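Letters A, B, ... are given to chains in the order of the sequence lines, protein chains preceding strands, and every chain is numbered from 1. Predicted, not measured: the structure shown is a model, and the values here were computed from it. Just so you know, these numbers use all the heavy atoms, side chains as well, and skip hydrogens, waters and symmetry mates.
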Amino acid sequence: TQLLEQSPQFLSIQEGENLTVYCNSSSVFSSLQWYRQEPGEGPVLLVTVVTGGEVKKLKRLTFQFGDARKDSSLHITAAQPGDTGLYLCAGGQTGANNLFFGTGTRLTVIP
Amino acid sequence: DSGVTQTPKHLITATGQRVTLRCSPRSGDLSVYWYQQSLDQGLQFLIQYYNGEERAKGNILERFSAQQFPDLHSELNLSSLELGDSALYFCASSRGGIAKNIQYFGAGTRLSVL
């Protein structure tokens with residue numbers, strides 16, 4: 001059972017454009033994490049959000065946790081080729097020790 | 001460098017065989033997680049160990065097993081391999097054993113079953 005659905009699955013944009021990636025679920029999560037994975041490497045944590053409605057910024061990346069803690073979004077401003085990678089959201093639930101990973105969004109930023 | 005070491009990086013084997021993947025967690029981390037990633041998709045949680053004991057189980061097949069040793073390194077054993085077992089296998093470690101703890105991932109082992 002896939003608890004977290006990400007959209008779009010693939011995204012190819014020009015350098016300088018803005019984009020938003022969505023992570024949706026019918027389940028409530030106590031925490032939501034975003035990872036970026038580059039070819040040949042493991043995922044690297046970008047951010048963790050834990051409060052409904054929380055917004056966190058990391059340079060050109062803005063992360064938001066939905067008010068009901070069932071969804072999240074990642075917005076990238078003025079995308080750079082270095083942003084290319086697989087973006088994964090992952091949710092933690094109270095009482096569960098493991099993370100539930102989303103389906104992933106493959107982003108390609110064309111110079 | 002995440003500090004998590006996985007060996008080997010690549011493994012090619014035949015159907016029906018058995019392989020062992022190894023993971024050394026970051027220094028001081030007590031928890032080890034194993035994940036499977038197929039075709040560049042999201043990660044499927046397999047199993048978690050915390051300080052030598054199994055803590056959580058995900059979609060792990062009966063043909064697969066894992067353990068965590070006293071020195072905290074972990075091994076994932078895959079037996080009676082099938083073509084569909086071809087995937088990237090990641091190990092992650094964290095200080096504690098709950099979901100909100102930050103997980104640090106190794107570079108993965110790419111398994112090809114021919």
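Heavy-atom proximity under 4.5 angstrom to chain B picks out Gly40(A), Glu41(A), Gly42(A), Pro43(A), Leu45(A) from residues 39-47 of chain A.
Of the two parts of Tyr35(B), only the side chain, counted from C-beta on, holds a non-hydrogen atom closer than 4.5 Å to a non-hydrogen atom of chain A.
Within the cation-pi definition used here (under 6.0 Å to the ring centroid, within 45° of the axis), Arg106(A) does not qualify as a partner of Phe10(A).
Listed by chain and residue number, nothing satisfies the side chain to side chain contact (heavy atoms under 4.5 Å, CB included) test with Asp1(B) (two or more places apart in sequence, or in another chain).
Listed by first and then second residue, the side-chain hydrogen bond (donor to acceptor under 3.5 Å, both in side chains) pairs that reach into residues 4-13 of chain B come to none, sequence neighbours excluded.
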Practice task
Please step through ring-ring contact (aromatic ring centres under 6.0 Å, His included) for the pair Tyr33(B) and Phe105(B), ending with a clear verdict.
Solution key: CA-CA 9 Å; Tyr33(B) 301 80; Phe105(B) 284 79; 8.4 Å; no

Side-chain donor/acceptor pairs under 3.5 Å, residues 79-91 of chain B, sequence neighbours excluded:
from, atom 1, to, atom 2, distance (Å)
Ser79(B), OG, Arg63(B), O, 2.8
Asp85(B), OD1, Arg63(B), NH2, 3.0
Asp85(B), OD2, Arg63(B), NH1, 2.8
Asp85(B), OD2, Arg63(B), NH2, 3.2
Asp85(B), OD2, Glu82(B), N, 2.7
Ser86(B), OG, Leu83(B), O, 3.1
Ser86(B), OG, Val113(B), N, 2.8
Tyr89(B), OH, Gln36(B), NE2, 2.9
Tyr89(B), OH, Asp85(B), O, 2.7

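Side-chain contact between Thr48(A) and Leu32(A) is absent, with no heavy atoms from C-beta onward closer than 4.5 Å.
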